[in-house]
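Quick notes on the structure that follows.
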Protein chains: 2
Amino acid sequence: MTAPSLKEQQQRLRDDVILAAVNELLARKGYDAMTVDEVATQVGLTKPSLYKHYGSKEALAAAALIRLLDQTLATIAAQSPTQPPIDRLRSVLRWALEQHLRSAMPLLPATRSALRESLLKNSVYLERLQAVSGTLSNWIAEAQADGSLSTALPSEVMLYTLYARTCDPVLEFLQAGGNFSDAEVVDLVLITCFDGLRPRPAVGR
Amino acid sequence: MTAPSLKEQQQRLRDDVILAAVNELLARKGYDAMTVDEVATQVGLTKPSLYKHYGSKEALAAAALIRLLDQTLATIAAQSPTQPPIDRLRSVLRWALEQHLRSAMPLLPATRSALRESLLKNSVYLERLQAVSGTLSNWIAEAQADGSLSTALPSEVMLYTLYARTCDPVLEFLQAGGNFSDAEVVDLVLITCFDGLRPRPAVGR
DNA sequence: GTCTATATTGGGATAGAC
DNA sequence: GTCTATCCCAATATAGAC
């Protein structure tokens, strides 16, 4: 294992810039409306150059989504194991919501789309997704065991709910409304997610 | 006001079949992936015939969304005023979730899209949307006043949260998972919306 | 008011020069 | 490894016959 060469570092940097642009366009416009020309222009390349590196538009999107899953795994790994599991879950969701507000969280593909089909055949994507889901599921089980998450809801429902909140349109609605700062928007959505809309009795006991 | 003629009734029926098909395709594939040819084929017409009735793909989608808002208004009107406001809100959301599971609830247009721009210029659409939002906002205020909804969250957040739940991908996730019936899926999402993921003390007092 | 046939364009993908 | 130029198809939209 020698140190990465300059060329390798340059390639990694270039790929990161490309995939960040793809991520942003996926978040802002969705897969169908995003064009490869836009991506190329945004990173200062031309379309054929992109196609040399990524064989297709689908491959480009898949690479961007895998990068996002890797960032998610890094955020997960950064959580202190001494923290209560509910706080770890909240921190990761908070990070995801912040990404969303920065237009860095692509919306999930629609029920039936060519992209979804190709992702389901992408073993790298599936493996990373499984890694995220596995850890979060463990944390959910821990939080249910220590009483900080409801045991009335199946953990499957909780996991999917956390995923769904990361692409919650409420974030855009509140941001567009202009009555709240980004930080307030994140806090409000976290509250709706964990506490719901019904009132809760005062904390303590 | 004479009774509607046969021809008028036929036209209304035809329009309803067309817009129901549009609605389903919007829900399943989204606006960009939906083609006018698909719509025409599904209702047994050809593309030019559709274009005679609706001048453009955008107009077709707008008509379908207005129809959905009208159905929503009908559902709202069907709620008994003697019911507590929280129950009225829950009933309307339940109806919307059922529509979603039947592929009759189009996903909201992405942040920036041609469809969104045209909808914001469509006065009929905006008027209907305002009618729905106005009534729901009143109910939210009533529910906050009678203590059945939290006063910690701005009512704006509650309204947007209800809208967002109608296109919540959790529904598809749970339906695809196969562990729950459609009715159970609806109930679970209603619980996550109103009660959140954290445990609640036993009811009563 | 529905059809067949066609115009037109946007955008994914590629050939081939440098 | 990046470019210019091009292919090609899918899909919106329309012309015009019946």
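Every chain is numbered from 1 and lettered A, B, ... according to where its sequence line falls, protein lines coming before strand lines.
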message: Counting only heavy atoms and a strict 4.0 angstrom limit, can you tell me which residues of residues 55-62 of chain B come near DNA chain C?
response: none
- line: Sorted by position of nearest nucleotide on DNA chain D, 5' first, the leading residue of B:Lys52 and B:Asp32 is B:Asp32
query: With the threshold set at 4.0 Å, does a side-chain nitrogen-carboxylate oxygen contact exist between B:Lys29 and A:Asp32?
result: no
message: Taking the basic N atoms (NZ, or NE/NH1/NH2) and the acidic carboxylate oxygens, is any pair closer than 4.0 Å for B:Arg88 and B:Glu142?
response: yes
- prompt: Is there a donor-acceptor contact under 3.5 Å from the side chain of A:Gln79 to the main chain of A:Ile76?
  reply: no
- prompt: Which residue pairs pass the side chain to side chain donor-acceptor pair (under 3.5 Å) test with at least one member in residues 146-159 of chain A, sequence neighbours excluded?
  reply: A:Asp146-A:Ser148, A:Glu156-B:Asn179
- request: Answer yes when A:Arg165 and B:Asp168 have at least one side-chain N-carboxylate O distance shorter than 4.0 Å, and no when they do not.
  value: yes
- line: Span of DNA chain C engaged by chain A, first through last nucleotide within the 4.0 Å heavy-atom cut-off, is C:dG11 to C:dG16
task: Only pairs at least two apart or in different chains count here, so list each salt bridge (Lys or Arg N to Asp or Glu O under 4.0 Å) that has a residue in residues 57-68 of chain B.
output: B:Asp16-B:Arg67
task: Kindly check if the number of other-residue, nucleotide or ligand heavy atoms within 6.0 Å of CZ (A:Arg14) is above 12?
output: yes
message: Taking the nucleotide of DNA chain C with the nearest heavy atom to each, does B:Pro48 or A:Tyr31 sit closer to the 5' end?
response: B:Pro48
query: Taking NZ, NE, NH1 and NH2 as the nitrogens, is one of them in B:Arg12 or B:Glu8 under 4.0 Å from a carboxylate oxygen of the other?
result: no
task: Return each pair, listed once, that meets ring pair (Phe, Tyr, Trp, His ring centres under 6.0 Å) where at least one residue sits in residues 33-69 of chain B; pairs must be two or more places apart or across chains.
output: none
message: salt bridge (charged side-chain N to carboxylate O under 4.0 Å, His left out), that's the test. Do A:Arg94 and A:Asp187 meet it? Break it down for me.
response: CA-CA 8 Å; A:Arg94 178 186 295 279; A:Asp187 285 335; 3.0 Å; yes
For nucleotides 8-10 of chain D, which of its nitrogen or oxygen atoms have a protein nitrogen or oxygen under 3.5 Å away, and what is each distance?
none

